[in-house]
2 protein chains.
Amino acid sequence: MGVTKSDKFTQEQNELSIMVKALGHPARIAIIEHLLKVNSCICGDIVGALPLAQPTISQHLKELKNAGLVKGDVEGTSVCYCIDEKGFEKIKSFFDTVHSILQEKKDECC
Amino acid sequence: MGVTKSDKFTQEQNELSIMVKALGHPARIAIIEHLLKVNSCICGDIVGALPLAQPTISQHLKELKNAGLVKGDVEGTSVCYCIDEKGFEKIKSFFDTVHSILQEKKDECC
DNA sequence: TTTATATATTGCAATATTACGATTAAAAGA
DNA sequence: TCTTTTAATCGTAATATTGCAATATATAAA
């Protein structure tokens with residue numbers, strides 16, 4: 001039905017999947033990579049750097065913001081976007097845990 | 001248009017986003033967590049462990065398999081699913097990189 | 001105040017995803 | 001062979017996502 005049964009899963013599972021899902025699009029990966037590359041935080045010139053129209057990028061930025069992966073500071077007419085470390089820490093800690101569990105039980109599987 | 005413009009992004013961005021996207025659903029997070037919990041690899045009793053119907057889980061497993069995050073070994077009538085470490089290594093290495101870049105440029109941002 | 005600039009929002013078309021009942025396929029056992 | 005068991009596939013309904021043109025909004029500059 002196109003509708004995820006969120007109520008059937010834990011809050012942690014839902015929260016994690018929302019953050020991870022926000023990175024499940026090449027444009028949003030590209031936005032994050034761009035924000036990492038320019039070493040101060042960057043404004044709307046993300047639009048110039050990506051091959052998508054301004055409204056599309058604005059929408060992607062909104063999703064990244066909702067997921068807690070990006071912050072936006074208004075500065076006059078423009079907006080300064082930058083990475084929200086807290087979100088990335090949460091994701092990283094999940095994958096770190098997966099990795100260490102896999103290390104422990106090395107070779108038990110297929 | 002509901003269609004991602006993959007051709008406008010790098011192969012790495014596309015591949016990473018496909019793997020990450022596969023984890024962008026609470027059921028698929030739950031499947032991975034389940035596979036980590038049972039310390040030998042587990043078969044179709046994932047269906048018993050999750051609050052979704054068998055065809056739905058089969059579909060989620062297929063997506064995880066396509067993304068290279070899970071492997072399935074046929075064993076008679078049943079199938080033994082387990083985590084594909086290689087996929088998780090790739091994802092982890094992305095988030096490790098993000099983390100270390102963020103460490104370097106501590107406090108430059110918003 | 002008018003104008004220019006930068007972003008966000010709206011509305012919509014095309015496509016993708018989620019979920020599951022019904023069915024099929026494939027191997028094991030009677 | 002027939003039956004049972006397990007998992008995949010098909011078909012379909014409901015909903016979500018992607019992308020952009022057009023438009024709105026908001027601040028700065030003239």
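In what follows, chains carry the letters A, B, and so on, assigned in the order in which the sequence lines appear, proteins first and then strands, with residues in each chain numbered from 1.
Between the side chains of A:T10 and A:Q13, at least one donor N or O lies within less than 3.5 Å of an accepting N or O.
A donor-acceptor distance shorter than 3.5 angstrom exists from the side chain of B:K105 to the backbone of A:L36, with no hydrogens or angles considered. Listed for the A:N14 side chain is a donor-acceptor partner under 3.5 Å among the backbone atoms of A:S6.
A 6.0 Å sphere centred on CD of B:Q103 holds more than 12 heavy atoms belonging to other residues, nucleotides or ligands.
Rounded to whole Å, the distance from CG on B:D73 to P on D:dT6 is 18 Å. In this structure, A:L64 places its CG atom 15 Å from C1' of C:dA8, rounding to the nearest Å. The distance from atom NZ of A:K62 to atom P of D:dT25 is 15 Å, rounded to the nearest whole Å. Taking atom CG on B:L61 and atom C1' on D:dT6, their separation rounds to 13 Å, with Å as the unit. Note: NE2 (A:H25) to C1' (D:dG19) measures 9 Å, nearest angstrom. Atom NE2 of A:H60 and atom C1' of D:dC20 are 11 Å apart (whole Å). Look at CD1 on B:I18: it is 15 Å from C1' on C:dT17, rounded to the nearest Å. Taking atom CG on A:L50 and atom C1' on D:dC20, their separation rounds to 15 Å, with Å as the unit.
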**Request:** Please test A:F94 against A:E12 for side-chain contact (heavy atoms from CB on, under 4.5 Å), starting from the C-alpha separation and ending with a verdict.
**Result:** CA-CA 11 Å; A:F94 172 74; A:E12 284 198 354; over 6 Å; no

**Asked** Where do B:F88 and B:M19 land on the side-chain contact (heavy atoms from CB on, under 4.5 Å) test, with the steps shown first?
**Response** CA-CA 9 Å; B:F88 278 89; B:M19 291 201 294; over 6 Å; no

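A:F9 is linked by a ring-ring contact (aromatic ring centres under 6.0 Å, His included) to nothing, counting only residues two or more places apart in sequence or in another chain. Listed by chain and number, the residues in a ring-ring contact (aromatic ring centres under 6.0 Å, His included) with A:F95 are B:F95 (sequence neighbours excluded).
Of all the residues in residues 6-17 of chain B, not one reaches under 4.0 Å from DNA chain C with any non-hydrogen atom. Residues of residues 52-59 of chain A that place a heavy atom closer than 4.0 Å to DNA chain D, in numerical order, are A:L52, A:A53, A:P55, A:T56, A:Q59.
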Restricting both atoms to N or O, compile the protein contacts to nucleotides 13-16 of chain D shorter than 3.5 Å, with distance only.
from   : atom 1 : to   : atom 2 : distance (Å)
D:dA14 : N3     : A:M1 : O      : 2.4
D:dA14 : N3     : A:G2 : N      : 3.0
D:dT15 : O4'    : A:M1 : O      : 2.6

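With rounding to the nearest 0.5 angstrom, the OG atom of A:S17 is 6.0 Å from the CD1 atom of B:I29. In this structure, CG on A:L23 lies 11.5 Å from CG on B:L23, to the nearest 0.5 angstrom.
Proximity of B:Y81 to the phosphate of D:dA8: a side-chain N or O atom is located under 4.0 Å from OP1 or OP2.
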If you look only at distance, which donor and acceptor atoms sit under 3.5 Å apart when one is on a side chain in residues 42-64 of chain A and the other is two or more places apart or in another chain?
from  : atom 1 : to    : atom 2 : distance (Å)
A:H60 : ND1    : A:R28 : NH1    : 2.9
A:E63 : OE1    : A:R28 : NH1    : 3.3

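When the nearest nucleotides of DNA chain D are assigned to B:K5 and B:D45 by heavy-atom distance, the more 5′-ward of the two goes with B:D45.
Among the heavy atoms of the strands lying under 4.0 Å from B:E63 are primed sugar atoms or P, OP1, OP2 only; no base atom is included.
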